[in-house]
Amino acid sequence: DTTWRAVAREVALEPRRIIVTFEDITAVEEAGQIRRDFVANVSHELRTPLTALLGFLETLQGPARDDPAARDRFLGIAAREARRMARLVDDLLSLSRVEAEERRRPTGRVDLAGLAASVAAALEPLASRSGCVLRLDLPGGETWVPGDPGQLRQVLTNLLENAIKYGGPDGIVEVALSSPEPQPGLRRLGVRLSVTDRGPGIAAHHVPRLTERFYRVDTHRSREVGGTGLGLAIVKHIVSRHRGRLRIESEIGKGSRFSVVLPVE
Ligand code: ADP
């Protein structure tokens with residue numbers, strides 16, 4: 001499936017002769033298609049909460065105006081839809097920043113053990129609200145990797161939030177960090193940071209597509225838990241910038257494990 005562009009040029013000094021050259025523009029066409037799909041997706045994702053928001057505002061101006069209970073309920077829903085839009089815009093900005101920086105190596109360094117403990121502590125309230133128990137399995141001491149502290153925090157936050165949100169109620173979620181050891185596909189020693197849940201698991205045919213922008217296994221569930229469909233796309237770009245690997249293992253009925261392997265210093 002190759003797309004060609006024909007370009008005709010008159011031969012200088014010989015007005016009746018024309019040279020036609022053919023250029024392979026498959027990659028250009030594909031990039032254009034990806035961009036058009038992305039814009040269509042973003043518009044749709046923003047339109048959905050916006051339509052709901054406008055509907056509730058109209059109800060507030062009309063039928064619900066003199067009914068305090070209905071007014072409170074609709075205001076609550078309108079605020080939720082507005083928050084959804086704000087989250088989407090934040091995630092779009094993160095994604096575009098991460099993509100722009102992808103070719104530049106991160107210059108900082110991060111202690112993954114400290115990061116794991118700190119992210120787990122920050123998400124403890126979300127976990128307990130969801131009836132979920134967080135367990136940490138970290139090696140004693142610090143584990144330093146070259147990396148961008150903010151971006152690696154975002155990776156772990158996204159993975160852990162997903163495990164809590166999709167891991168099913170009364171779940172146990174484990175964050176584990178291995179000791180530095182040889183890793184397949186890495187030239188240097190690497191560490192593996194993994195987030196394991198005992199949720200419903202993900203069918204095998206979805207797994208390779210999870211890091212696509214806006215790809216969701218269950219759109220309804222994703223919206224219900226406040227997902228934007230961009231979390232794993234952001235994770236993929238950050239991990240790739242850090243010359244790491246993202247591995248997803250999942251079994252229906254048993255749970256999922258998302259692991260990030262990063263080269264150590
Ligand atoms: P979202 O914002 O929808 O959570 P993500 O990119 O983070 O977007 O994840 C994409 C989809 O992958 C989710 O909508 C969900 O269907 C699925 N998913 C992610 N993590 C898990 C998990 N731990 N267990 C089951 N499904 C998951």
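When a ligand or atom number is given, it counts from 1 through the structure's own listing order. Numbers here simply count residues along the sequence, with the first being 1.
- Remark: Arg223 engages Glu45 in a salt bridge, criterion side-chain N to carboxylate O under 4.0 Å.
- Side-chain contact of Arg153 with Ser118: a donor-acceptor pair under 3.5 Å is present, judged by distance alone.
- Annotation: atom 4 (O) of ligand 1 to nearest protein heavy atom, Tyr166 OH, 2.6 Å.
- With ligand atoms numbered from 1 in the order given, ligand 1 contributes 12 (O) to contacts under 4.0 Å with heavy atoms of Leu210.
- One hydrophobic cluster, built from ILVMFWY side chains closer than 4.5 Å, cannot hold both Val7 and Val11; they sit in different ones.
- Contacts with ligand 1 closer than 4.0 Å are made by backbone heavy atoms (N, CA, C, O) of Tyr215 only, the side chain lying farther away.
- Residue-environment remark: CG (Leu93) exceeds the threshold of 12 foreign heavy atoms within 6.0 Å.
- Annotation for Arg247: atom CZ does not count as buried by contact number, only 12 or fewer foreign heavy atoms lying within 6.0 Å.
- One finds no salt bridge joining Glu161 and Arg87 here, because no Lys/Arg side-chain nitrogen approaches an Asp/Glu carboxylate oxygen to under 4.0 Å.
- A salt bridge does not link Arg135 to Glu174: none of the charged nitrogens lies less than 4.0 Å from a carboxylate oxygen.
- For the pair Val217 and ligand 1, the shortest N or O to N or O distance falls below 3.5 Å.
- For Asn158, the closest heavy-atom approach to ligand 1 does not fall below 4.0 Å.
- With a heavy-atom cut-off of 4.0 Å, Thr211 does not touch ligand 1 at all.
- In terms of protein heavy atoms, atom 9 (O) of ligand 1 is closest to Leu232 CD1, 3.6 Å.
- Heavy-atom proximity to Ser222, at under 4.0 Å, picks out these atoms of ligand 1: 1 (P), 3 (O), 14 (O).
- Every atom of ligand 1 is numbered from 1 in the order shown, and the set under 4.0 Å from a heavy atom of Gly229 is 1 (P), 2 (O), 3 (O), 6 (O), 8 (O).
- Side chains of Ser240 and Glu102: a donor on one and an acceptor on the other come within 3.5 Å.
- By the 4.0 Å heavy-atom criterion, Ser256 is counted among the residues contacting ligand 1.
- Protein heavy atom closest to atom 7 (O) of ligand 1, with residue, atom name and distance, is Asn162 ND2, 2.8 Å.
- Remark: minimum distance from atom 23 (N) of ligand 1 to any protein heavy atom is reached at Asp197 OD2, 2.8 Å.
- Using a 3.5 Å distance cut-off with no hydrogens or angles, the side chains of Ser256 and Ser250 do pair a donor with an acceptor.
- With a 4.0 Å heavy-atom cut-off, ligand 1 is reached by the side chain of Ile202 but not by its N, CA, C or O.
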